[in-house]
Amino acid sequence: QRTFVCSTPSPAMAAGSTAFVASSGGHVAAPTWLALSPHQHCPPQASSSFVGPSVLVATSGAAATAVAALLALVAWPKRGRQRSWRARKTARKSIVAAVAAAASAAKLSAFGRAFALGATVAGSVAGIKEGVDGGPPRTHKSGGKPKVVVLGSGWGAATFMKGLPKEDAEMYDIKVISPRNFFLYTPLLPACTMGSVEERSIMTPVRRLIEGKAEYLEAKCESIETVNKVVRCCRAVRPSRSNEVAYDRFPEGDVEGKLIFDIEYDILVYAVGAQTNDFNTPGVQEHSFFFKEVQDAQKVREKITDLFEMASLPNATKEDKDRLLSFVIVGGGPTGVEVAADFADFCERDAIELYPKLVEHIKISLINTGDNLLSTYDQSISKTCMEVFKQKGVEVMAGCRVVEITSDVVKMKRGKEGEIFELPFGCVVWAAGIKEHSLTNQLKASLIQKNESVSELNVASLKAPVRGIVTDEHLGVRGSGGSIFALGDAALVRHDRTAVFAEQLYKAADIDGNGELDLMELRDLFSGAAEEFPQLEDYAAYLKEAVKDPSGDDGRMSEIAKVFSDALEREKLAFRKAFSLTNQQVGDRTTRKEKEAIAAEIDQVLEHDKSSMNFEEFRRLLESVDKNLQPFPPTAQVAAQQGKYLATLLAQGVLDGVQESYAETMGSEPVFSYFHKGSLAYLGGGSAAFDLPIIGAVTGPAAGVAWKLYETSAQLSLKNAALVGLDWVKSEIFGRDTSLI
């Protein structure tokens, strides 16, 4: 790999030229000048013919040295990794060959290319910027126009369509099918609780998003037939009364006036999202409000206004007012915290003016099963959140679990053995988590049927008790043959598990063929397989330090090679850690374990002989190791970046829904890499919290201003950004609107 650095621009390049990075695996036919400084010209020889991947860079000013150093750093681990692998290859030939055969879903992309993809994703605000249009018409490699069906209109589907340029979209026949004809900017939905932001300000019509790219059908997908590649959809054609508008547009079952139709696909983009999880708690469906859609926010807003008006009536007793104005939010995550914060702002600023006689009866309770609010954030943010809520009079009931909701009380208990106690309420908002969409169960069943006589591995992955449909690292659904991609909350991107390859790995490691693995064989296996299975890295490092050859000489690796290998491994791990602070592949998302915990885990598995293990013990160890794998979080950030990534795959004009085209794309494109921009939440009273990579926690009023600026600028369109900004100003000057419509 070569890096060409030129300190001068060509006449065609401006002095302030922006950075350009490209890679090529062949011949550069025409001379190319690369600008790093605006003083003199780069000689044409710098871009002459070459063989192998190269990196070309153009920027301006004093950035030349930094850019060159960065590119060298990105390129170096790849070269070093290859040399390290060659150094170990002869000694561990039998192990490596079997590991490579067992792990058929090996990583196909270079580390530097994944880094470049992450940088591209990082450059777009909120991951939802539109693909660049204006290029010449393109032709799909197949010569036809593959049929693409997109299910959903949430973050994954919207950013996929937004990121696909029109000239690339013209290579396909695209249909978007969703019962919701708009995209909803969900991070600001809690701000709609009492009208800080109006609902339509964060809604973007689907037809505006896909204009000139695809056709939209307002319908609900009832089933997916993966063998024949058909989705069955439904919609009510017309209500029984012509003047009725609030009719059920997507009725369940066989009812009169229901239209059913089938749509064929070559490629299916599955982005239906998830559903609110009630954990089978009695009374949740009947007596609480979910908070996931615009209709939920509207219902909560109407209910709260209605309760205030009822409590204002002259015949309302003190007990009635206390019960009616008791507001309960279940769930201590970002949604629950922000709903409580927005409502607390309303009570503190607006209710005191509109309902001065009722303020003393208002009670806001936030129920959380854990001890900390916003448990996925920095611990200092959780502490700040508790302090803000205490000042605003929000009671945080930590460590409580709801066991039932009746028409007038919430029944809960502390811990598993605590006594049940009751909390009267006027309104309950349930924001306690999500579960997979009901359609996902049907899709899994169809894929299992398709793979039963084809692939036991795919069937095992599809039957795994996880939320969402399991995909590989290119977002392709397991067992779909390259015809289905899943995005957002509907998907579970998962690295290959080791347990499913237990038999192959065991045979590969048992070099002496005695039917058991000693600790040296286990050490060598984990060291060789850690490249394919990142969840083994910590175990390999522990065994490498703890297990030594009895002779004092490592017969499998020369001491010179071992010195260089250890140094290279330290550099590679250091680079990976720095890289993963913001940019993560799913294989990087493993729970790190200390050496003591690994030692205890291995010791627990070795029941009989502490110096060797049989196959059953080895399988249990791999199952324990696989538990350290973590999926990407179910957030808008992840879904948006997945949609953008999938748009780049289809833009290549190769995918057509068959395995061969998918394999070709996998071989040429890097895996999905998640760039974590940080987490944020509104805490109330003008304060917010940012949990930023590298920087850490930032809280306070300044963070509150930054939160509003970010959420405004991250809107999908200029119109939405303008509306949201005006809503902030309007609510600050004139207060929130409590009108019942």
Heavy-atom side-chain proximity of F526 to L621 below 4.5 angstrom:
yes
Would you please classify the geometry between the F485 ring and the Y662 ring as parallel, tilted or perpendicular, with 30° and 60° separating the classes?
perpendicular
What's the verdict on side-chain contact (heavy atoms from CB on, under 4.5 Å) for I695 and F690, showing C-alpha distance, side-chain angles and the deciding distance?
CA-CA 10 Å; I695 297 175; F690 282 75; over 6 Å; no
Treating Q641 as the side-chain partner and F675 as the backbone partner, does any N or O pair qualify as donor plus acceptor under 3.5 Å?
yes
With a cut-off of 6.0 Å (strictly less than), are more than 12 heavy atoms of other residues, nucleotides or ligands near CD of E456?
no
Any donor and acceptor pair, going by atom type alone, linking the side chain of D378 with main-chain N or O of A697 inside 3.5 Å?
no
If you count the non-hydrogen atoms of other residues, nucleotides and ligands that lie under 6.0 Å from CD in E616, is the total more than 12?
yes
Can you tell if the side chain of S687 reaches within under 4.5 Å of the side chain of T699, non-hydrogen atoms only?
no
Has D524 got a side-chain atom pairing as donor or acceptor with G528's backbone, closer than 3.5 angstrom?
no
State whether the side chain of R619 and the backbone N or O of E503 hold a donor-acceptor pair below 3.5 Å, judged by distance alone.
no
Minimum side-chain heavy-atom gap T440-K444 below 4.5 Å:
yes
For P634 and R467, work out which heavy atoms get closest and say how close.
CB-NH2, 3.8 Å
Gap separating the CD atom of E545 from the CD1 atom of I598, nearest 0.5 angstrom:
10.5 Å
What heavy-atom pair brings G331 and L366 nearest, and what distance separates the two atoms?
O-CD1, 3.3 Å
What is the distance from atom CH2 of W430 to atom CD1 of I329, rounded to the nearest 0.5 Å?
13.0 Å
Does the side-chain contact (heavy atoms from CB on, under 4.5 Å) test come out yes or no for L646 and L649, once each step is laid out?
CA-CA 5 Å; L646 184 57; L649 295 189; 4.2 Å; yes
Just verifying a value: how many Å separate S679 OG and Q637 CD, rounded to the nearest 0.5 Å?
6.5 Å
Side chains of I469 and L447, heavy atoms from C-beta outward: is any pair under 4.5 Å?
yes
State the CD1-CG distance between I511 and L517, to the nearest 0.5 angstrom.
9.5 Å
If we only count heavy atoms from C-beta on, is the P334 to L374 side-chain gap below 4.5 Å?
yes
Work out which heavy atom in E617 is nearest to a heavy atom in V605; give both atom names and the distance.
O-CG1, 3.0 Å
Pairwise distance OG1(T635) to CH2(W155) - rounded to 0.5 angstrom:
9.5 Å
Ignoring hydrogens, what is the shortest heavy-atom contact between G488 and A639? Give both atom names and the distance.
CA-CB, 3.6 Å
May I ask you to decide whether E623 forms a salt bridge with K627, counting only side-chain N to carboxylate O separations under 4.0 Å?
no
Donor-acceptor pair, distance only, cut-off 3.5 Å: does the side chain of S455 make one with the backbone of N458?
yes
So which heavy atom on E338 is nearest to which on A681, and how close?
OE2-CA, 3.2 Å
Spell out, as yes or no, whether a donor-acceptor pair under 3.5 Å connects the side chain of D278 to the backbone of T281.
no
Evaluate the ring planes of Y645 and F672, with Trp represented by its six-membered ring, and classify them as parallel (under 30°), tilted (30 to 60°) or perpendicular (over 60°).
perpendicular
Donor-acceptor pair, distance only, cut-off 3.5 Å: does the side chain of R478 make one with the backbone of S461?
no
With heavy-atom distances below 4.5 Å as the criterion, would you say the side chains of R620 and Q604 are in contact?
no
Do D691 side-chain atoms and Y377 backbone N/O form a donor-acceptor pair below 3.5 Å?
no
Take V402 and F279 through the test side-chain contact (heavy atoms from CB on, under 4.5 Å) and record every step on the way to the result.
CA-CA 10 Å; V402 176; F279 300 98; over 6 Å; no
Can you check whether L683 reaches V337 side chain to side chain, under 4.5 Å on heavy atoms?
yes
When you look at I420 and E404, which way does the side-chain contact (heavy atoms from CB on, under 4.5 Å) test go after all the steps?
CA-CA 10 Å; I420 295 177; E404 184 182 1; over 6 Å; no
Should the pair Y682 and W707 be assigned to parallel (<30°), tilted (30 to 60°) or perpendicular (>60°) ring geometry?
parallel
Minimum side-chain heavy-atom gap N628-Y539 below 4.5 Å
yes
Can you tell me how far apart NZ (K507) and CZ (F615) are? Round to the nearest 0.5 Å.
9.0 Å
Please find the pair of heavy atoms, one from L492 and one from P631, that lie closest to each other, and give the distance.
CD1-CB, 3.1 Å
